[in-house]
Number of protein chains: 2
Amino acid sequence: MTDQRDEGSMPERNPTLFDVAKAAGVSKSAASRALLRQSDVNGQTAERVREAARQLGYVPNGAARSLVERRSGIVGAHVRDVSSPFYGIVLSGMQAQAAADDVSVVSTSGSWDLDVDQESRLLKTLITLRADAIVVCSSTFPTPYLVPFLKRIPMVLCGWPEDDDRFSGCFIDEEDGAHQIADRIIDLGHRSVAIVRPPPSRSRSQARRMETIRQRLLTSHSVVREVDGGDRRVAMHDIVNLARERRVTVVMCPTNDTALEIIDVLRSSNLAVPEDVSVTGFDTVGPLGTPSLGISSFTVPAAEVGRRALAMALERIDNPDQPPQRLLLNGNLRIGSSAAAPPASGRRG
Amino acid sequence: MTDQRDEGSMPERNPTLFDVAKAAGVSKSAASRALLRQSDVNGQTAERVREAARQLGYVPNGAARSLVERRSGIVGAHVRDVSSPFYGIVLSGMQAQAAADDVSVVSTSGSWDLDVDQESRLLKTLITLRADAIVVCSSTFPTPYLVPFLKRIPMVLCGWPEDDDRFSGCFIDEEDGAHQIADRIIDLGHRSVAIVRPPPSRSRSQARRMETIRQRLLTSHSVVREVDGGDRRVAMHDIVNLARERRVTVVMCPTNDTALEIIDVLRSSNLAVPEDVSVTGFDTVGPLGTPSLGISSFTVPAAEVGRRALAMALERIDNPDQPPQRLLLNGNLRIGSSAAAPPASGRRG
DNA sequence: TTGTACGCGTTATCAG
DNA sequence: CTGATAACGCGTACAA
């Protein structure tokens with residue numbers, strides 16, 4: 001029954017439901033019902049309460065509400081690397097769906113160099129918040145770490161494919177994308193291909209996608225030369241040499257960032273793209289997706305992935321016992337001005 | 001004193017402190033003290049409690065803790081547009097600082113097309129969570145909407161400058177950047193300049209930065225032609241014509257995305273960059289910042305802005321009554337291969 | 001050192 | 001229609 005409180009150092013305290021009730025001259029319960037717009041409340045008093053709430057700038061305390069309602073009304077999203085345009089757009093998509101379904105999405109995030117402990121901490125933040133569901137967007141966090149929570153809270157993975165079939169998830173069908181772009185390069189007539197390997201620690205999915213491309217190329221008896229992308233300077237040097245000596249007619253990259261950079265380096269070395277050598281990227285989203293840039297790449301529906309992942313999460317909140325469900329979304333291959341048929345003098349494998 | 005609970009539809013319930021205590025054969029309070037590593041607790045029992053907590057996979061309920069401690073231990077970040085590389089990197093910077101200071105950062109986010117109501121909703125989410133402080137990264141959300149909360153919760157603005165001096169904030173010194181890049185273009189000898197205006201609704205800061213550039217150019221008696229960036233196709237058409245007719249020798253863009261696209265369009269139109277026409281961008285972060293692309297631009301310390309903004313927020317939690325504090329961080333001008341002296345035949349203003 | 005009792009702000013139940 | 005009252009899970013004086 002404390003009516004007085006000790007003022008902290010902050011000038012003003014967040015008004016509580018009690019404050020609103022007092023101002024409206026009713027009890028907490030009546031105020032609560034009025035604000036929740038439940039039916040069994042007098043229109044007069046209800047209006048008084050709402051007015052008082054507005055005057056005071058009342059915002060309900062989610063902690064208290066979460067405690068008694070046993071649900072927080074928020075969905076947590078963990079995004080390993082927000083500075084990646086792909087995941088930024090995924091997050092935007094989730095937000096759009098959230099607005100439509102009247103839930104709040106809050107996210108924890110980091111950068112590409114997070115280690116497992118740091119990501120665990122971020123996930124624990126979401127668990128501590130008692131998010132009603134969690135969407136995990138990280139292509140490096142080992143799923144076994146998530147398993148203990150799987151029985152307690154709906155979880156869905158999101159982004160690039162994850163094999164663990166204990167989990168639900170919404171993914172880009174990247175194997176299909178890798179096949180599409182490899183096939184197209186073969187169709188164009190290329191048989192001598194350089195592929196750029198990303199540093200494996202940075203992204204499992206990038207490594208895997210290039211491996212898939214390599215496998216596919218080999219089925220057409222192409223000659224595939226691998227360039228280690230670990231050291232950027234060395235990689236650029238190697239690529240220019242390969243192209244200049246006509247040992248490859250196309251350079252395939254794990255991302256569009258890399259492709260863009262390589263195109264620039266090649267042109268600076270007086271090699272014409274695509275006349276002398278073609279270049280391809282992957283996972284076009286954001287600014288690098290503008291048509292006029294013409295990077296040949298696999299364009300992915302990032303926002304759609306976010307939307308669907310959130311929808312899956314919400315569905316699992318209502319029905320937590322359903323079996324894991326996996327959704328693969330297709331991207332589109334777009335051959336822009338950075339790729340064309342190999343030059344006539346190009347070697348054949 | 002309820003010992004039994006009704007199992008919901010979720011297979012397993014989150015274990016509570018009570019569960020841990022029961023498993024360790026002690027009371028809730030003892031368990032609490034053991035987990036909080038307070039001193040007045042027997043080493044034996046403490047270990048038993050911690051073991052039980054580990055066995056059960058206990059994660060404290062943040063709502064309950066927040067309620068009793070009257071602080072949530074989380075800092076909220078609202079980011080209007082996470083798909084923008086700038087804010088993605090700002091968020092990464094905040095996260096780095098948060099890890100160092102042992103606080104959790106959770107964020108709400110959207111995309112560039114959020115309206116005021118939607119952003120209000122997102123902010124209210126953070127207030128409802130009772131975040132201990134809030135960092136607002138939005139160059140369009142009107143500060144008056146924030147004022148009511150200013151007295152209740154430490155807030156700091158972050159990103160591009162905001163004039164309202166009731167607020168603390170950490171910003172890029174973009175006026176300086178605008179001056180630097182304009183001055184440099186003048187120094188290179190350009191006197192006929194096209195500047196691309198962004199659609200004003202999209203970003204106040206972009207509009208303002210171009211206006212600053214324009215003002216600065218006028219001091220050197222340059223001829224400034226404005227191109228409305230609202231319709232991309234029309235803008236591109238206009239720019240190509242201006243360049244082809246030698247009515248401008250340089251095109252200045254509000255962002256690097258735009259610059260990159262324009263460079264590509266110009267080159268496709270058989271205009272050499274920078275030989276025939278120079279192009280500049282702004283706010284280089286992320287993939288578009290790779291040196292080899294050579295976009296001439298103002299490069300900004302986005303991660304640093306995030307770090308400092310979070311540090312300011314934490315400082316205000318401890319000392320909420322301090323007056324508003326503003327921090328301006330400088331970027332670096334980098335003239336890459338996209339800008340050079342105007343061609344000899346370039347007109348003079 | 002340990003347990004008991006209370007309160008944080010809210011919703012839900014049940015008497016009036 | 002309204003107002004007490006009991007939880008929700010946790011930290012913490014206070015008593016043992």
Side-chain angles (χ1 to χ4, degrees), chain A residues 1-8 13-49 53 56-74 127-130 132 152, chain B residues 1-8 13-49 53 56 58-73 127-130 132 152:
Chain A
M1 286 306 139
T2 49
D3 199 342
Q4 56 189 358
R5 303 153 179 281
D6 52 332
E7 293 289 321
R13 183 176 49 82
N14 267 304
T16 71
L17 185 60
F18 183 74
D19 298 323
V20 175
K22 198 171 49 176
V26 295
S27 70
K28 291 188 309 183
S29 343
S32 175
R33 285 187 292 250
L35 262 25
L36 295 177
R37 305 185 172 282
Q38 296 184 182
S39 47
D40 50 352
V41 56
N42 185 300
Q44 297 282 330
T45 46
E47 190 45 52
R48 276 216 319 283
V49 171
L56 294 169
Y58 171 71
V59 178
N61 184 321
R65 176 179 282 179
S66 165
L67 217 45
V68 56
E69 288 201 324
R70 313 186 66 76
R71 31 175 252 103
S72 59
I74 72 171
I127 310 263
T128 299
L129 276 184
R130 292 295 187 271
D132 296 334
R152 294 186 198 161
Chain B
M1 290 298 145
T2 48
D3 198 344
Q4 56 188 356
R5 302 152 180 281
D6 52 333
E7 294 289 322
R13 184 176 47 83
N14 267 305
T16 72
L17 185 59
F18 182 75
D19 298 324
V20 175
K22 199 171 49 176
V26 295
S27 72
K28 291 187 310 184
S29 8
S32 174
R33 286 186 289 251
L35 262 24
L36 294 178
R37 306 183 174 284
Q38 296 185 183
S39 49
D40 52 348
V41 56
N42 185 301
Q44 298 282 331
T45 48
E47 189 46 49
R48 278 217 317 283
V49 170
L56 294 169
Y58 171 71
V59 178
N61 185 321
R65 176 177 283 179
S66 166
L67 217 44
V68 57
E69 288 200 326
R70 312 185 67 75
R71 33 174 250 103
S72 59
I127 310 263
T128 298
L129 277 183
R130 292 295 186 272
D132 297 333
R152 293 185 199 162

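As a basis for the values below, the full set of heavy atoms in this structure was taken, side chains included, without hydrogen atoms, waters or symmetry mates. Everything numeric in this text was worked out from a predicted model, so none of it was measured. Residue numbers begin at 1 in each chain, while the letters A, B, ... track the order of the sequences.
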Using residues 59-67 of chain B as the side-chain source, report each donor-acceptor pair under 3.5 Å to any protein atom, sequence neighbours left out, with the distance given to one decimal.
from    : atom 1 : to      : atom 2 : distance (Å)
B/Asn61 : OD1    : B/Ala63 : N      : 2.8
B/Asn61 : OD1    : B/Ala64 : N      : 3.3

Please table the atom pairs, donor to acceptor, closer than 3.5 Å between any side-chain atom in residues 25-34 of chain B and protein atoms at least two apart or in another chain.
from    : atom 1 : to      : atom 2 : distance (Å)
B/Ser27 : OG     : B/Ser29 : OG     : 3.3
B/Ser27 : OG     : B/Ala30 : N      : 3.3

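Of all the heavy atoms in B/Gln44 and B/Asn42, the pair that sits closest is N-OD1, 2.6 Å. Closest non-hydrogen pair, A/Ala53 versus A/Leu35, comes out as CB-CD1, 4.2 Å. B/Leu129 approaches A/Leu129 most closely through the heavy-atom pair CD2-CD2, 4.0 Å. Considering every non-hydrogen atom in both A/Leu17 and A/Tyr58, the closest pair reads N-CE1, 3.5 Å. For the pair A/Arg13 and B/Arg70, the tightest heavy-atom approach, listed with the atom from each and the gap, is CD-NH2, 4.5 Å.
In this structure, CD of B/Glu47 is placed 16 Å from P of C/dT1, rounded to the nearest angstrom. For the pair B/Lys22 NZ and D/dC10 P, the computed distance is 13 Å after rounding to whole Å. Distance CG (B/Asn61) to C1' (C/dG9): 14 Å, rounded to an integer number of Å. In this structure, the CG atom of A/Leu56 is 15 Å from the C1' atom of C/dG9, given to the nearest Å. As a whole-Å value, the separation of A/Arg13 CZ from C/dG9 C1' is 11 Å. If you measure from atom CG of A/Asn14 to atom C1' of C/dC8, you get 13 Å, rounded to the nearest angstrom. Remark: P of C/dT11 and CG of A/Leu67 are 12 Å apart, rounded to the nearest angstrom. Taking atom CZ on B/Phe18 and atom C1' on C/dG3, their separation rounds to 13 Å, with Å as the unit.
Phosphate proximity of D/dC8 to A/Ser66: absent, as no side-chain N or O sits under 4.0 Å from OP1 or OP2. For the OP1/OP2 pair of D/dG3 and a distance below 4.0 Å, the side-chain nitrogens and oxygens of A/Ser27 include at least one atom meeting the criterion. Contact check, B/Arg70 against C/dG9: a side-chain N or O comes under 4.0 Å of OP1 or OP2.
The side chain of B/Thr45 lies closest to C/dT2 when the candidates are C/dT2, D/dG9, D/dT2.
Comparing B/Val26 and B/Ala64 along DNA chain C, the residue whose closest nucleotide (by nearest heavy atom) sits nearer the 5' end is B/Val26.
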(request) State the dot-bracket string of DNA chain C. Criteria: Watson-Crick or G-U wobble, both atom distances under 3.5 angstrom; notation: ( ) intrastrand, [ ] crossing earlier pairs, | interstrand, . unpaired. (result) |.||||||||||||||
(message) Can you build the contact string for nucleotides 11-16 of chain D? Use B for base contact, S for sugar-phosphate-only contact, and - for no protein heavy atom under 4.0 Å.
(response) SBB---
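D/dA15 sits 22 Å from D/dG11 when the P atoms are compared, rounded to a whole Å.
Looking at A/Val49 and A/Val41, their side chains never come closer than 4.5 Å, going by heavy atoms from C-beta outward.
Among residues two or more places apart in sequence or in another chain, the salt bridge (Lys or Arg N to Asp or Glu O under 4.0 Å) test is passed with B/Glu47 by B/Arg50. Taking the side-chain hydrogen bond (donor to acceptor under 3.5 Å, both in side chains) definition, one finds that A/Asn14 meets it with nothing, sequence neighbours left out.
A/Asn42 comes within 4.0 angstrom of sugar-phosphate atoms only, judged by non-hydrogen atoms across all strands, and of no base.
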